[in-house]
Amino acid sequence: MWTLLATIPDPEIPVISITDLGIVRSVDLRGATCRVAITPTYSGCPATSVIALSVEMALSDAGLTPMIETRIDPPWTTDWLTDAARDKLRRYGIAPPSPGGGPDACPQCGSARVTRVSQFGSTPCKAHWRCDDCLEPFDYFKCH
């Protein structure tokens, strides 16, 4: 089931899957019923219902009866992103979260000389930054 769920892209960042995000917390297959627990990235995330629907459709297409559970405890953290997700984000032009609270480097050229433009990026979970060397703007996936 994990392999099937790994084919479902995040609707906001389609280069990473919902398993890359770490939001799939458990999968339990009993007969033809598959129970999947998902933790939203944050309580107001507009993608949560789309993700649940995508999981239901994938499981139904596989001939299973889906049961989706939303778990909010413990809350999702960017620490649950896989290393593969961090690499995919960088190659896509989004700086992955960093414990320092800002990007380690520009995802375009690798320069450490970067400046925050806005606390808010293309989605609420990202901030907008710019590289001071290559001058390219980019999103930074905020830590939480």
Side-chain angles (χ1 to χ4, degrees), residues 1-111 114-131 134-144:
M1 284 306 104
W2 286 93
T3 303
L4 175 64
L5 297 173
T7 65
I8 300 172
D10 174 69
E12 292 181 339
I13 309 171
V15 295
I16 57 176
S17 73
I18 61 172
T19 57
D20 287 334
L21 268 174
I23 63 171
V24 177
R25 303 311 303 157
S26 68
V27 176
D28 182 39
L29 181 62
R30 293 185 187 195
T33 300
C34 187
R35 179 182 297 268
V36 177
I38 298 172
T39 297
T41 55
Y42 65 97
S43 62
C45 179
T48 302
S49 60
V50 174
I51 291 169
L53 181 61
S54 296
V55 170
E56 284 182 28
M57 290 174 53
L59 295 175
S60 293
D61 289 348
L64 300 169
T65 301
M67 296 186 69
I68 311 300
E69 172 191 350
T70 300
R71 284 191 194 158
I72 58 171
D73 188 34
W76 182 82
T77 169
T78 47
D79 292 342
W80 294 358
L81 283 167
T82 65
D83 289 340
R86 294 172 189 277
D87 288 341
K88 290 175 184 177
L89 286 171
R90 195 174 294 108
R91 288 194 309 263
Y92 192 59
I94 299 172
S98 171
D104 292 334
C106 169
Q108 306 297 329
C109 72
S111 171
V114 294
T115 302
R116 186 174 71 187
V117 175
S118 171
Q119 182 60 24
F120 303 99
S122 59
T123 62
C125 59
K126 291 180 263 177
H128 191 66
W129 286 68
R130 180 189 69 237
C131 178
C134 73
L135 304 179
E136 288 293 326
F138 63 91
D139 274 337
Y140 165 67
F141 200 113
K142 299 178 206 171
C143 285
H144 40 292

**OP:** Kindly give the heavy-atom pair with the smallest separation between Ala127 and Lys142, and that separation in Å.
**Re:** N-CE, 3.8 Å
**OP:** Drop me the distance from Thr7's OG1 to Ile18's CD1, to the nearest 0.5 angstrom.
**Re:** 8.0 Å
Original post:
Which atoms form the tightest heavy-atom contact between Leu4 and Ala58, and what is the distance?
Top reply: CD2-O, 3.8 Å
Subject >> Qualifying side chain to side chain donor-acceptor pair (under 3.5 Å) pairs with a residue from residues 49-69, counting only residues at least two apart or across chains >> reply: Glu69-Arg71
**OP:** Would you indicate whether Leu135, at its atom CG, is surrounded by more than 12 heavy atoms from other residues, nucleotides or ligands within a distance under 6.0 Å?
**Re:** yes
Subject >> Aromatic ring pairing Phe138/Trp129, orientation class (parallel under 30°, perpendicular over 60°, tilted between) >> reply: parallel
**OP:** Using the test side chain to side chain contact (heavy atoms under 4.5 Å, CB included), find all partners of Thr3 that sit at least two apart in sequence or belong to another chain.
**Re:** none
**OP:** Would you mind listing every side chain to side chain donor-acceptor pair (under 3.5 Å) that reaches into residues 75-86, with sequence neighbours excluded?
**Re:** none
Original post:
Is any side-chain heavy atom of Cys125 less than 4.5 Å from a side-chain heavy atom of Thr41?
Top reply: no
**OP:** Please test Cys34 against Met1 for side-chain contact (heavy atoms from CB on, under 4.5 Å), starting from the C-alpha separation and ending with a verdict.
**Re:** CA-CA 8 Å; Cys34 187; Met1 284 306 104; 3.8 Å; yes
Subject >> Euclidean distance, Phe141 CZ relative to Ile13 CD1, rounded to 0.5 Å >> reply: 5.0 Å
Subject >> Counterpart residues, side chain to side chain contact (heavy atoms under 4.5 Å, CB included), relative to Arg91 (two or more places apart) >> reply: Asp87, Lys88
Original post:
Can you tell me how far CG of Leu59 sits from OG1 of Thr33, rounded to the nearest 0.5 angstrom?
Top reply: 10.5 Å
**OP:** With sequence neighbours excluded, tell me which residues meet salt bridge (Lys or Arg N to Asp or Glu O under 4.0 Å) with Arg116.
**Re:** none
Original post:
Atom CG in Asp10, atom CG in Leu89: separation rounded to 0.5 Å?
Top reply: 9.0 Å
**OP:** For residues Ile68 and Leu53, determine if any side-chain heavy atom of one lies less than 4.5 Å from a side-chain heavy atom of the other.
**Re:** no
Original post:
Minimum heavy-atom separation for Leu5 to Val24, with atom names?
Top reply: CD1-CG1, 3.9 Å
Original post:
What distance separates Cys106 SG from Glu136 CD, expressed to the nearest 0.5 Å?
Top reply: 7.5 Å
**OP:** Please report the shortest heavy-atom distance between Ile16 and Asp20, naming the atom on each side.
**Re:** CA-OD2, 3.6 Å
Subject >> Contacts of Ser118 that satisfy side chain to side chain contact (heavy atoms under 4.5 Å, CB included) - sequence neighbours left out >> reply: Phe120, His128
Subject >> Smallest separation among heavy atoms of Gly63 and Ala32, with atom names >> reply: O-CB, 4.5 Å
**OP:** Give the intermediate values and the outcome of side-chain contact (heavy atoms from CB on, under 4.5 Å) for residues Thr39 and Ile72.
**Re:** CA-CA 6 Å; Thr39 297; Ile72 58 171; 5.9 Å; no
**OP:** Go through the structure and list residues passing side chain to side chain contact (heavy atoms under 4.5 Å, CB included) with Asp104, not counting sequence neighbours.
**Re:** Ser98
Original post:
Who passes side chain to side chain donor-acceptor pair (under 3.5 Å) against Asp139, sequence neighbours left out?
Top reply: Ser122
**OP:** Answer whether the closest heavy-atom distance between the side chains of Pro40 and Thr70 falls below 4.5 Å.
**Re:** yes
Original post:
Quick one: are Ile51 and Ile8 in side-chain contact, heavy atoms under 4.5 Å?
Top reply: no
**OP:** Could you pull out the closest heavy-atom pair between Val114 and Ala105, with the gap in Å?
**Re:** CG1-C, 4.3 Å
Original post:
Got a sec, which pairs hit salt bridge (Lys or Arg N to Asp or Glu O under 4.0 Å) with one end in residues 30-43, sequence neighbours left out?
Top reply: Asp28-Arg30
